[in-house]
Amino acid sequence: KEFLVEISGTTVTITCPLTEGSINWESTGVTPTSDERKYVIENHDSTPVNVSCSAGGKKYHMYLNARVCTNCAELDALAVTGIITADLLITFGVLILVYYFSKDRKGRASPSAGSRPRGQKAQRPPPVPNPDYEPIRKGQREVYAGLESRGF
């Protein structure tokens, strides 16, 4: 035989497996005054409690470690499955929309604030080379002959 525990908000209701006689409840921390088959703990604070019920020489013990909250909502398996399925469908829908809208823009160049259009770049002449950094060509080594490496 087992205890039946029902939790609703911060109220915990425990049903003793014994059915006959006057039932005596014992609990750590709080001394219950009920002699009924059900023992109700109002405003339970989620602390572990040892509970026992006895009647006619038989005694049953239980360790109650129940987490309670004031604004809890219990969901069944069907509701959880529906929420997960709806979330996946919305996510895939957004992914498909992003894919199709970004697919059209792959070929076009997007003008940004610091870039110039390509048409002007093609008409512009190449930059004038800096005479201080001219490449060494054959027959021009005497220009750079005075730049010998110095020993330190």
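Only a predicted model underlies this, so the values are computations on that prediction, with no experimental measurement involved. We count residues from 1, following the sequence as given. All values below come from the heavy atoms of this structure, side chains included, with hydrogens, waters and symmetry mates left out.
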Are the side chain of [X] and the backbone N or O of [Y] linked by a donor-acceptor pair below 3.5 Å?
X     : Y     : result
Thr10 : Cys69 : no
Arg37 : Thr15 : no
Thr85 : Gly82 : no

From [atom1] ([X]) to [atom2] ([Y]), nearest 0.5 Å:
X     : Y     : atom1 : atom2 : result
Cys53 : Ile23 : SG    : CD1   : 6.0 Å
Cys16 : Lys58 : SG    : NZ    : 10.5 Å
Ile83 : Leu78 : CD1   : CG    : 10.0 Å
Ser52 : His61 : OG    : NE2   : 5.5 Å

Of the options Glu6, Glu42, His44, which is the one that meets Val12 in a side chain to side chain contact (heavy atoms under 4.5 Å, CB included)?
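One option only clears the test, and that one is His44.
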
Sort out for me which residue in Ile14, Val68, Thr11 forms a side chain to side chain contact (heavy atoms under 4.5 Å, CB included) with Ile41.
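By the side chain to side chain contact (heavy atoms under 4.5 Å, CB included) criterion, Ile41 pairs with just one of Ile14, Val68, Thr11: Ile14.
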
Check whether [X] and [Y] end up in the same hydrophobic cluster, where Ile, Leu, Val, Met, Phe, Trp and Tyr are linked by side-chain heavy atoms less than 4.5 Å apart.
X     : Y     : answer
Leu18 : Leu4  : no
Ile96 : Ile90 : no
Leu97 : Val94 : no
Leu75 : Leu88 : yes

Quick one: are Val5 and Met62 in side-chain contact, heavy atoms under 4.5 Å?
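Yes; the side chains approach each other to less than 4.5 Å.
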
Tell me, do Tyr39 and Thr13 make a side-chain contact under 4.5 Å, heavy atoms counted?
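The answer is no; the side chains never approach within 4.5 Å.
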
Mind telling me whether Tyr60 and Phe3 have parallel, tilted or perpendicular rings, with 30° and 60° as the class edges?
perpendicular

More than 12 foreign heavy atoms under 6.0 Å from OH of Tyr63: is that the case here?
yes

Looking only at non-hydrogen atoms, find the nearest pair between Pro48 and Asn65 and report the distance.
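Of all heavy-atom pairs spanning Pro48 and Asn65, the closest is CG-OD1, 3.8 Å.
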
